[in-house]
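Here's the structure, in structure tokens; my notes come after.
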Amino acid sequence: MIDIQNLSKKYISGKDHLVAVKNVNLQVNKGEIFGIIGLSGAGKSTLIRCINRLEEPTEGRIFIENVDITRLDKESLRLMRKEIGMIFQHFNLLNQKNVYDNIAFPLQLEGWAKSEIDKRVNELLEYVELTDKKLAFPSQLSGGQKQRVAIARAIANNPKLLLSDEGTSALDPRTTKSILSLLNRIRTELGITIVMITHQMEVVKEVCDRVAIMENGEVVEINTVQNLFRDPKTKTAATFINTIATDVEEEIISPNGLKGTLIRLSYLGESAKRPIISKVIRNFNVDVNILSGNINKLHETNVGHLILELIGNEDEIKKTISYLQDENVHVEVIQ
Amino acid sequence: MTEMAELIIPSLLETLYMVFFSTIFSILLGFPLGILLVISEKGSIWEKPLLNNILNSIINLLRSFPFLILMILLFPLSKLLIGKTIGTTATIVPLAIAAAPFVARVMESSLKEVDRGVIELSLSMGATTPQIITRVLLPEALPSIIHGVTLTIINLIGYSAMAGSIGGGGLGDLAIRFGLYRFQTDVMVASVIVIVILVQSVQFMGNTLAKVLNKK
């Protein structure tokens, strides 16, 4: 669906060079929700804006359904943008227009007939559950309601792609969840591909299929969300995951009072259902001490983490670890 | 009392006539200028730096002229357009031209208040430049524009009083002719009171209208 090749964006002001996006390559598949996560200043916002050329890329190409958007002239770009919806952190609603007119806005731009607009807007109002707010003005809405209006507006003319630029960052956790589930519905029911940038791992965990991790303008890791949680390849990714994982871990690891080998197990949904720990205890001559555990509910599956202390002789411990690995559990020896 | 009314009412009508038409013409000149200023700016939707610089210089130049001097300089233009240089109708020309750059600045600042994000949104939806101007910038800035027009009208009431002193007619003319030259202080005071009431009511109407229209 989207193929980004060697994308760079540099800002030059006088002698200062700022490379906001550095040589990014990534592909987004049709129908997936693709997350881009990074701290502020990592370049993710610039990256997503390059996709519809709100920012002009300095180098590289972006293909959207095989059309190179970086090569389009102004008019073709304008028409192309009609097929890419976008939502923003601060909603960007037209303050002087009511909910109805805000949603009708893209349709009016395209010169739809009044009756057609009326039909479509009412349909959308129902879809985002705001029929009762039809005549309200943005100033009378809550943040979540504003974002629903913005989403209805973004999908009004049936785009094939929806970009979310920190779409949930200004919302409280509960509202964030409801907006994310709306986005998920849009993906499943309407088949719209979604690319979202965020700095919240919660968002990625909740709704994304795959995720790119950005740091200093570069994409340092692209992974499915499941694999990312089970086995993050980069430190940045691990740090992001730890923002959700429980804080208990650090407290346990630091004391030196533990005698045995400390290991961290990460496993996905299926392995979690098998009684692995009790098998370990029965088959190997080790004592197992469970120090901490947590389960992260991802969009389609669960990822569990367990920190165990294994007490026993070295050989047995080695065998235990290789047994766990055979059982498709990711094992990391901490100390 | 009736004597006073007979003096004041025709002058008031002259003032209203001058202010009304000069407001309209200054808006016709100033609004497009203000819009051009905003959209031609660097980073805006119709970037034209050279045009932007030229417009800025012209507006600054016109605004730095003291009104009375500008008016005298514009006598030939009044002569060309209206056929004379003295009288209420002839005064509309310099009034409108003097106020136009002010209106342009007022328009510029109103439009700049429109959230950059909303413009970005319109771009992301594939809106054309004219669509962004007419469907986003102007409607979103409307309450602020109304404040600006109110300010313009009040300025023009002041200018028209000044213009009265060099043959423009209206309340300013009345105040000077009777109050200053003939020592009829009561006439001067009365005309000033009428001007004050006029300014107050314009301000009140402007504020009310802007408030009613503002949905923000």
Side-chain angles (χ1 to χ4, degrees), chain A residues 13 45 48-49 51-56 72 74-99 101-111 135-141 149-150 153-157 159 161-166 170, chain B residues 31 35 38-49 51 106-107 109-150 206-216:
Chain A
S13 65
S45 194
I48 203 172
R49 276 150 189 276
I51 296 177
N52 63 358
R53 270 176 66 190
L54 281 180
E55 295 280 357
E56 287 293 341
L72 293 181
K74 239 185 141 187
E75 185 58 17
S76 323
L77 172 66
R78 195 177 67 75
L79 296 174
M80 181 75 176
R81 279 175 173 166
K82 289 184 184 289
E83 302 188 23
I84 307 171
M86 190 166 190
I87 58 170
F88 303 83
Q89 178 172 8
H90 298 294
F91 326 121
N92 294 351
L93 296 181
L94 297 159
N95 286 317
Q96 305 295 344
K97 289 187 163 69
N98 63 23
V99 168
D101 285 325
N102 263 289
I103 301 177
F105 179 65
L107 309 175
Q108 288 164 349
L109 290 181
E110 279 184 49
L135 300 176
F137 283 89
S139 58
Q140 300 162 315
L141 302 178
V149 176
R153 179 176 65 178
I155 62 169
N157 55 356
L161 175 63
L162 179 64
L163 306 175
S164 164
D165 184 355
E166 296 275 9
Chain B
F31 273 17
I35 294 170
V38 171
I39 63 170
S40 65
E41 204 181 53
K42 200 171 176 296
S44 191
I45 51 176
W46 196 64
E47 216 175 298
K48 296 274 180 288
L51 176 72
V106 161
M107 189 66 172
S109 73
S110 297
L111 294 182
K112 276 188 176 166
E113 280 170 31
V114 175
D115 183 10
R116 169 89 208 144
V118 183
I119 298 165
E120 236 171 25
L121 160 95
S122 322
L123 287 172
S124 82
M125 290 190 154
T128 61
T129 306
Q131 279 175 333
I132 295 178
I133 296 168
T134 56
R135 290 169 185 269
V136 180
L137 283 178
L138 293 177
E140 287 295 298
L142 188 63
S144 168
I145 292 172
I146 287 169
H147 277 301
V149 170
T150 310
N207 287 350
T208 314
L209 188 62
K211 204 170 166 185
V212 169
L213 289 175
N214 195 0
K215 307 296 182 193
K216 200 172 174 177

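Every chain is numbered from 1, with letters handed out A, B, ... down the list of sequences.
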**chain B contact via Leu94(A) - which portion, at a heavy-atom distance below 4.5 Å** = both
**Prompt:** Looking at CZ of Phe91(A) and CG of Asp115(B), how far apart are the two atoms once the value is rounded to the nearest 0.5 Å?
**Reply:** 12.0 Å
**Request:** Decide yes or no for Gln96(A) and Leu142(B): does some side-chain heavy atom of the first lie under 4.5 Å from some side-chain heavy atom of the second?
**Result:** no
**Request:** With sequence neighbours excluded, give me every salt bridge (charged side-chain N to carboxylate O under 4.0 Å, His left out) pair touching residues 82-92 of chain A.
**Result:** Glu83(A)-Lys160(A)
**Item:** Residue Leu93(A) versus chain B: region with a heavy atom under 4.5 Å
**Value:** backbone
**Message:** Nearest 0.5 angstrom please: Met125(B) CE to Ile84(A) CD1, how far?
**Reply:** 12.0 Å
**Item:** Atom pair NZ (Lys215(B)) and NZ (Lys97(A)), whose distance is rounded to the nearest 0.5 Å
**Value:** 12.5 Å
**Message:** Distance check, rounded to the nearest 0.5 Å: Glu55(A) atom CD versus Glu120(B) atom CD?
**Reply:** 7.5 Å
**Asked** Using non-hydrogen atoms only, which part of Phe105(A) is less than 4.5 Å away from chain B: side chain, backbone, both, or neither?
**Response** side chain
**Request:** Show the numbers, then the answer: is there a side-chain contact (heavy atoms from CB on, under 4.5 Å) between Met86(A) and Leu121(B)?
**Result:** CA-CA 7 Å; Met86(A) 190 166 190; Leu121(B) 160 95; over 6 Å; no
**Message:** At a heavy-atom distance under 4.5 Å, which candidate from Arg116(B), Arg135(B), Glu140(B), Lys216(B) has the highest pair count against chain A?
**Reply:** Glu140(B)
**Asked** Do Gln131(B) and Gln108(A) come within less than 4.5 Å of each other through their side chains, counting heavy atoms only?
**Response** no
**Request:** Would you mind listing every side chain to side chain donor-acceptor pair (under 3.5 Å) that reaches into residues 86-95 of chain A, with sequence neighbours excluded?
**Result:** none
**Fill in**
One should read off an interatomic distance between Arg53(A) CZ and Ser124(B) OG, to the nearest 0.5 angstrom, of 14.5 Å
